[in-house]
Amino acid sequence: MDKIDPILRINFSHAEKLFSVAKYHDAIEKYKEILADHPKFVGVINNIGLAYECLNELEEALKFYKKCSVIHPEEKLFINNVANIFYKMKDYKNAIKETDKSLLIEDFQIKIIEMKASCLITLNLRNDADLFFKKYLKKFSNNKFLNTLHGKNLINLNKHKLGLQFLKIGTGFVELKDNEITII
């Protein structure tokens, strides 16, 4: 922000302070004042999205995050914000599309990998999930969340013995009693 004019710097700083003390509506108004003169200032656009997300106004947050993605389509932060909102809105198909875009840019993002895995399981896309787990458990073999989901998915694919092995890695304990599986 070194080359930004002093008034813009003051206004941005004021908006940031409002945001930091959870005055999200006021922060949004201040950010929108800045946006009137600087319509492609992605830091401001993204922060408006964040403020709306904090207010749980997910549709509004999504609009601003998508604007950021249009301006910078290869920026994983903006793609991930869009994916996260779709996930919170339980729009898992669109969340998967966004996580795929993000993973093409960088595929070592564990939170995005976990989000996509969760979406695949929620949508009962078992075969797709199986392939996904095989790929990412090579990179994150000790991830308890991925191992647990993969174990449950394998059991749903009638691969019980292998599923139990992954559940044990993910949860630490699996108990078989009267043909019933209990995860402890």
Side-chain angles (χ1 to χ4, degrees), residues 42 45-177 179-184:
V42 291
I45 298 167
N46 188 65
N47 287 357
I48 294 171
L50 284 170
Y52 278 122
E53 186 174 355
C54 289
L55 292 167
N56 205 33
E57 294 182 30
L58 301 181
E59 291 286 340
E60 286 299 310
L62 183 61
K63 285 189 331 193
F64 285 92
Y65 289 151
K66 282 184 173 183
K67 286 180 184 182
C68 292
S69 286
V70 168
I71 296 168
H72 292 289
E74 296 295 317
E75 178 55 56
K76 70 180 180 182
L77 170 69
F78 304 142
I79 296 166
N80 293 349
N81 286 345
V82 171
N84 185 51
I85 293 297
F86 279 133
Y87 186 80
K88 285 182 173 184
M89 295 170 67
K90 300 182 183 346
D91 184 347
Y92 302 119
K93 288 182 182 179
N94 279 317
I96 289 171
K97 289 178 189 175
E98 297 300 318
T99 57
D100 285 343
K101 284 186 212 174
S102 184
L103 292 171
L104 284 174
I105 295 168
E106 182 185 329
D107 73 343
F108 274 84
Q109 303 177 71
I110 192 61
K111 294 295 179 196
I112 297 302
I113 292 164
E114 290 175 348
M115 182 187 300
K116 181 173 179 180
S118 179
C119 291
L120 290 168
I121 295 299
T122 302
L123 293 172
N124 292 316
L125 299 172
R126 292 187 180 114
N127 291 323
D128 292 341
D130 190 45
L131 294 172
F132 184 77
F133 287 122
K134 286 177 183 175
K135 177 179 178 178
Y136 284 102
L137 280 170
K138 287 179 185 175
K139 296 177 184 184
F140 302 102
S141 60
N142 294 323
N143 183 288
K144 293 183 182 298
F145 182 76
L146 292 178
N147 277 291
T148 300
L149 285 183
H150 186 44
K152 290 178 180 181
N153 191 57
L154 287 168
I155 289 170
N156 285 326
L157 290 169
N158 291 319
K159 298 177 182 178
H160 299 277
K161 186 175 180 180
L162 187 57
L164 288 173
Q165 291 171 355
F166 281 95
L167 280 172
K168 187 172 183 181
I169 294 168
T171 63
F173 300 98
V174 175
E175 181 178 85
L176 263 163
K177 190 185 226 179
N179 288 329
E180 235 180 78
I181 300 168
T182 305
I183 302 169
I184 304 171

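Count residues from 1 along the sequence.
- Across every non-hydrogen atom of S69 and V82, the tightest pair is OG-CG2, 3.9 Å.
- Within 6.0 Å of CD in E106 there are more than 12 heavy atoms belonging to other residues, nucleotides or ligands.
- Between T171 and K144, every side-chain heavy-atom pair lies at or beyond the 4.5 Å cut-off.
- Contacts of K66 classified as side-chain hydrogen bond (donor to acceptor under 3.5 Å, both in side chains), with partners at least two apart in sequence or in another chain: none.
- Put simply, the side chain of N127 reaches to within 4.5 Å of the side chain of L157, judged on heavy atoms.
- Remark: F64 CZ to E53 CD distance equals 13.5 Å, nearest 0.5 Å.
- The environment of K139 atom NZ is dense: over 12 non-hydrogen atoms of other residues, nucleotides or ligands sit within 6.0 angstrom.
- For the pair A83 and A95, the tightest heavy-atom approach, listed with the atom from each and the gap, is O-CB, 3.8 Å.
- Separation of the Y87 and Y92 ring centroids falls under the 6.0 Å cut-off.
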*L146 and I110: side chain to side chain contact (heavy atoms under 4.5 Å, CB included), yes or no, with the steps?*
CA-CA 10 Å; L146 292 178; I110 192 61; 4.0 Å; yes
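- Across every non-hydrogen atom of I155 and L167, the tightest pair is CD1-CD1, 3.3 Å.
- A 4.5 Å side-chain heavy-atom check between H72 and V42 finds at least one atom pair inside the cut-off.
- Salt-bridge annotation for D130 and K134: present, with a side-chain N of the basic residue lying under 4.0 Å from a carboxylate O of the acidic one.
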*asked:* Is there a side chain to side chain contact (heavy atoms under 4.5 Å, CB included) between L62 and M89? Walk through the geometry before answering.
replied: CA-CA 10 Å; L62 183 61; M89 295 170 67; 4.3 Å; yes
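- One finds the CG atom of N84 at 11.5 Å from the OG1 atom of T99 (value rounded to the nearest 0.5 Å).
- Side-chain contact check for I96 versus L123: some heavy-atom pair is nearer than 4.5 Å.
- At most 12 heavy atoms of other shown residues, nucleotides or ligands fall within 6.0 angstrom of atom CG in N142.
- With hydrogens and angles ignored, the 3.5 Å screen pairs no side-chain donor or acceptor of S118 with any backbone N or O of M115.
- Inter-residue side-chain proximity for L50 and N46 is flagged as met; some heavy-atom pair is nearer than 4.5 Å.
- Among all heavy-atom pairs drawn from A61 and G49, the shortest one is CB-O, 3.3 Å.
- The minimum heavy-atom distance linking N80 with Q109 is given by the pair ND2-OE1, 2.8 Å.
- A donor-acceptor pair under 3.5 Å is absent between the side-chain atoms of N147 and the main chain of K168, judged by distance alone.
- To the nearest 0.5 angstrom, E98 atom CD is 10.0 Å from I112 atom CD1.
- Among residues at least two apart or in separate chains, ring-ring contact (aromatic ring centres under 6.0 Å, His included) pairs with a member in residues 111-133 are F132-Y136, F133-H150.
- Here the CD-NZ distance, from E74 to K101, works out to 9.5 Å after rounding to the nearest 0.5 Å.
- Minimum heavy-atom separation, C68 to I45: SG-CG2, 3.4 Å.
- Taking 4.5 Å as the limit, some side-chain heavy atom of F166 sits within range of a side-chain heavy atom of L162.
- Here K67 contributes atom NZ and I48 contributes atom CD1; the two are 7.5 Å apart, rounded to the nearest 0.5 Å.
- Evaluation of the side-chain hydrogen bond (donor to acceptor under 3.5 Å, both in side chains) rule for N143 yields E114 as partners, not counting sequence neighbours.
- Interatomic distance, F108 CZ to L103 CG, rounded to the nearest 0.5 Å: 11.0 Å.
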